[in-house]
Amino acid sequence: MEKTKTSLKRKLLITLFSALICVLVIGVSVYAALTQTVTLNNNITITTSGQTKVQVVVSEGSNTASTGITEKPASEPLWSEVTTKAANEDTGSGSLTPIDFSVSDGINYYAYKIEFTNEGTETSYAHITADAIDNTQLTIYTGETWDSLSAIGNKTAIDADVTLAATDGTGSYYIVVASNVDLAELDKMDQTPFNVTITIDQSNS
């Protein structure tokens, strides 16, 4: 009889211990799913050469949602100015809010608007470049207007030119970095640089 009681206690303890291990494993799995993150480290650098006199204003915006974006966003986000280069300054720089796709942040796209005003007497050209992003979970949209945004291929670097007519000629360029899968389904990716460089001169090449 004593043996039977001991055996039952032992089985009960083993069963409880097994159940506890199962609960712990489930807890860790859920936690891992909720903390998946894709981060891009990004900065803006602006350089003006020669007698070029162009004002640059850079603004950023984002969209709060957890679903993936499969086509260009229909409307512009609320913009917040992050850096300005005056027409008579040769250089300017500023830090953008880090791009971080995660369930906890709940942002499915980050957008950047770069606006130019040419205060010089010669036509100027803004050359915009940014690193390629090697991740099929992300889609980059670019264009000189929000309505003209189009997707560029994965692993394709940004290399664009905006023509600015002399004496108050204006132009703009938009960049949108979007998650094309639901945030909860993202595979983790190491931090990747996404630095935007703007060089303004009077050379159309």
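Here the CG atom belonging to Leu138 is positioned 7.5 Å from the CG atom belonging to Leu186, to the nearest 0.5 angstrom.
In this structure, Asp182 contributes its side chain and Ala184 its backbone to no donor-acceptor pair below 3.5 Å. Between the side chain of Asn135 and the backbone N or O of Gln137, at least one donor-acceptor pair lies under 3.5 Å. In terms of modelled atom types and a separation under 3.5 Å, the side chain of Asp131 and the main chain of Asn195 share a donor-acceptor contact.
Among Ile114, Thr117, Thr84, the single residue meeting the side-chain contact (heavy atoms from CB on, under 4.5 Å) criterion with Val56 is Ile114.
Between the side chains of Thr97 and Glu60, a donor-acceptor pair is found at a separation under 3.5 Å. Side chain to side chain, Asn180 and Thr70 fail the donor-acceptor criterion of an N or O pair below 3.5 Å.
Nearest approach of Leu183 to Ala65, heavy atoms of both residues: CD1-O, 3.6 Å. Between Lys85 and Ile200 the shortest heavy-atom distance is CE-CD1, 4.5 Å. Residues Ile198 and Ala126 share a closest heavy-atom pair of CG2-CB, 4.5 Å. The two residues Pro77 and Gly61 make their nearest non-hydrogen contact at CG-CA, 4.0 Å. The minimum heavy-atom distance between Asn154 and Ile133, with the atom names listed, is ND2-O, 3.4 Å. Smallest separation of non-hydrogen atoms from Thr67 and Asn108: O-ND2, 2.8 Å.
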Quick one: side chains of residues 160-176, donor-acceptor pairs under 3.5 Å with protein atoms, not counting sequence neighbours, listed by atom name and distance.
unit_1 : atom_1 : unit_2 : atom_2 : d
Asp161 : OD1    : His127 : ND1    : 2.5
Ser172 : OG     : Glu144 : O      : 2.7
Tyr173 : OH     : Thr142 : OG1    : 3.4

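Annotation for Glu89: atom CD counts as buried by contact number, over 12 foreign heavy atoms lying within 6.0 Å.
In terms of hydrophobic clustering, with Ile, Leu, Val, Met, Phe, Trp and Tyr side chains grouped at heavy-atom distances under 4.5 Å, Tyr110 and Leu149 are assigned to different clusters.
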